[in-house]
Structures are given as C-alpha cells and as structure tokens.
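Quantities reported herein were computed from a predicted structural model and do not represent experimental measurements. A, B, ... follow the sequence lines: proteins, then strands. Residue 1 opens every chain.
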Protein chains: 2
Amino acid sequence: MTNKEKQTEEIIAEAAREVFVEKGMAGARMQEIADKAGINKSLLHYYFRSKDKLFDFVFSKIMGKIGGMLQGIMQEGVSIEDKIGKFVDTYTDLLSKNPFLPNFIFGEITRNPDGLIKRFASADIKPNQLLDPLQRQLNKEGYTIHPHDFILNLLSMVIFPVVARPIVERIFFEGDHKAYKEYLLSRKLSIVDFVMKALQGYK
Amino acid sequence: MTNKEKQTEEIIAEAAREVFVEKGMAGARMQEIADKAGINKSLLHYYFRSKDKLFDFVFSKIMGKIGGMLQGIMQEGVSIEDKIGKFVDTYTDLLSKNPFLPNFIFGEITRNPDGLIKRFASADIKPNQLLDPLQRQLNKEGYTIHPHDFILNLLSMVIFPVVARPIVERIFFEGDHKAYKEYLLSRKLSIVDFVMKALQGYK
DNA sequence: GTCTATATGGCGATAGAC
DNA sequence: GTCTATCGCCATATAGAC
C-alpha cells in the first residue's frame, strides 16, 4: 500500500468516524462523509467497497481503542481510590472530547448485538483481566461490595450524564451548554467522593 | 372521530412505537410499521400524513408518560430512603419491560435536541417541581450532598445498566440474557443500599 | 487514484378505484 | 376508511473516461 493510499484511507476513515458517530449507521450519508473528507463519493467505494464495510472498519477501531484504555487503567498497581480517580479522570476527558460516543456505541450495539461478539474477539478484550484484579483488590482492602455492582455503579456515574446530556442539561441548567460542561468536569471530584463514602459502608 | 378511526389510530400508534423504539427514526420503515399494525402502508399516511408527524406523535406520548411517573414519585411525602426505593423499583420495572427505551430516547434527543424544547412544553414537565422538594428534603434530613449530584447518580445507576446492556451482559455474564435480567432486578436492593451508604458520609 | 455519469433499488408519499 | 398502483426522489453502488 502506497503512502498516498494510506493517507487517503485515513482521511476517509476519520471523516466517516465523525459522521457515523453523530448520525448513526442508518442516519449517515455517504455523500456527507465524502464532503467531509474532501473527496468524491465514488472514492469511498474504491477504498471500502460498501457502506457496511466502512462502518465495520470505523466501529472496530473505536472499540479497540476504548477497550485498550480500560485495560491499561485497571492493571496499574495502585490503591482503589487512586484507581477510581484515574479512571474517572481519563474517561471524563475522553467523553468531554467525544460527547456523541456513548450514544453511538450503545445504540449501534443494541441494534446489532451479534456483530459485537466478532468485534470483541478482534479487539482482543479480555473481560476477566478487568474483573479479577479488581475483585482481588477489593477483597484485600477489606470491602465486601460485589465487584459487578462496584464497577457498574462507577461506569454509570461517569458515562450516563453524557448519554443523557440534552435532557439533564435542560432540567438542571435550562439548556446552558457551558454550565453543564463545567458541571461534568466538577464531577471528576464529586464522583470519587461519593463512591469512597459509599465504600466506607462496606468495610 | 368515530370509534373505528380511534381504534385504528391506536393500533397504528402502538405498532409505530414498537418499530421506532427498536430501530430509531432513521432506521424505521413505514412498511414495517404497516405490517406490524396489520394494515396497508397508505393508511399510515391517511391517519398521520407523514413519517415525521407519526414520529412526533409517538415520541411526545412516550415523554409525557415517563415525565408524569417521575413527578408522581418525587412529590410523595415520605423519607428519602422510601422515595429512593420507590423510584428505583418503579423505573427498574419500567425498563425491564422496555429495554430499548433509554437508547431510543437519548439517541433521538441527542440527534435532534431542538425538538426537545417543544416537547417538554407540551408534556407539561416542570423541572423545578422535581428538584426543589428534593433539595428541601435533603436539607431537612441533614444531608449536605448537592441535589444535582444525588439525583444524577441515582438516575445513572438505574438507567445506565439498561443502556449498556449488550456490552455489560457479555462482560459480566458471557451473554446470558436471563442471568443479566435477574441481576438487574437484584440491583433494586443493592442500588438503594449503595446510595444510603454513600449518604451517611454526607451527614 | 480520482473524477463524471449513470444504473439500480428502496422508500415516503400520492392518486384514484371501491 | 381501506385498498392497489404508481410516482418521484434520494442513497448506494457501478461503469468508464482520464
């Protein structure tokens, strides 16, 4: 593959990522992707053959990246509180830059769950490598909460406010984007605070 | 409007609700709605003129119903713990019967936030009627947590596991639907437990 | 590799018979 | 009020010139 091919392919993939994430598979238009990439519509087919294949390429790449981040954080050998802090910090920043990402991922996977299995395999995600170390660590530090509950509660509090952004933004801040964005950043601290206070009850 | 018209209209609306919620506005097909309603495709246009108008009708109805439920729970004059329990119970059951609902609502609103304002007005939702009583109650019972944080954390823990169902189901239970469904029901208790433990830290 | 032009199919919407 | 038939558009995809 020549440099030019590689470069064009990446430009297309990035444009496709933006459009797919914002509009979803069904709502995305090949014309809009081509426009955003600054190339002709038929070039999309030259590089990726079909909309389906282009979508698969983009989606797998996203899943691999996110899974890798999570694995990296969970394996670091620090205290629960530090691990939580690092996790909340990293994902809050990621979602701050990609506010459409959660809705996109959960929406697409919900509408095509079978495709998920294939992608987990190719992205090389090992669920047990995430859960087992955490379970051992909770045990060692003397917390009796079930790791499923713990990790799901934490994920919920970080990701859900981004998923429900337009509604919550309107109810809490009368639609003030900037105020809500600042509030989400302030939650970096208040989520860790909330979770640690809860954990005290499981000692 | 005759009885027959009313009845057909309701059959169409229910079929449309199912298809829209599962496939989203962009992914839904008028033909599929007609098939599910057991009528001809052109009848859809006879009753609702266009796909857009049919969608608006269905969506507004859903939002009104959910908003009403929330208002009802939050106004009952009971302790924080009872209120939390009632809330978690009611919404867990609702989501158990409508697992696609959160993804649908958040997805559509994210992709067309302007339409939201109109619908909040017509559904007669008063945000302050939800937040103010809760704030007073947290104060009165001596908890210093900010009501925004409290309500958002609670909503997150109830709704997010449904939004992220296919992924979490796979990571926690290797894709076993039934096991995950039971786990979600068990969270009725563990969420209240978690939240109350956290609240103790804010006394 | 990149473009213009066009084929092909599907979908929302309408016309008109009954 | 409900159907059949069909229109017209738009989106994906391909053919072929350069």
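Per the geometry, OH belonging to Y47(A) stands 18 Å off C1' belonging to dT14(D), to the nearest Å. Taking atom CD1 on I33(B) and atom C1' on dC11(C), their separation rounds to 12 Å, with Å as the unit. Taking atom CE on M25(B) and atom C1' on dC11(C), their separation rounds to 12 Å, with Å as the unit. Regarding F48(A), its CZ atom lies at a distance of 18 Å from the C1' atom of dT14(D), rounded to whole Å. Distance CG (L43(A)) to C1' (dT4(C)): 12 Å, rounded to an integer number of Å.
The minimum heavy-atom distance linking I159(A) with P102(A) is given by the pair CG2-CB, 3.9 Å.
Qualifying side chain to side chain donor-acceptor pair (under 3.5 Å) partners for K83(A), counting only residues two or more places apart in sequence or in other chains: Q137(A).
A 4.5 Å side-chain heavy-atom check between V162(A) and T92(A) finds every atom pair outside the cut-off.
Side-chain contact, D52(B) with S50(B): no donor N or O sits under 3.5 Å from an acceptor N or O. Donor-acceptor pairing under 3.5 Å is recorded for the side chains of Y183(A) and D149(B).
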*Determine, for nucleotides 12-18 of chain C in 5'-to-3' order, which nucleotides have protein heavy atoms under 4.0 Å from the base (write B), from only the sugar-phosphate (write S), or from neither (write -).*
BBB----

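Of the possible polar contacts, one joining the E108(B) side chain to the M25(B) backbone as a donor-acceptor pair under 3.5 Å is found.
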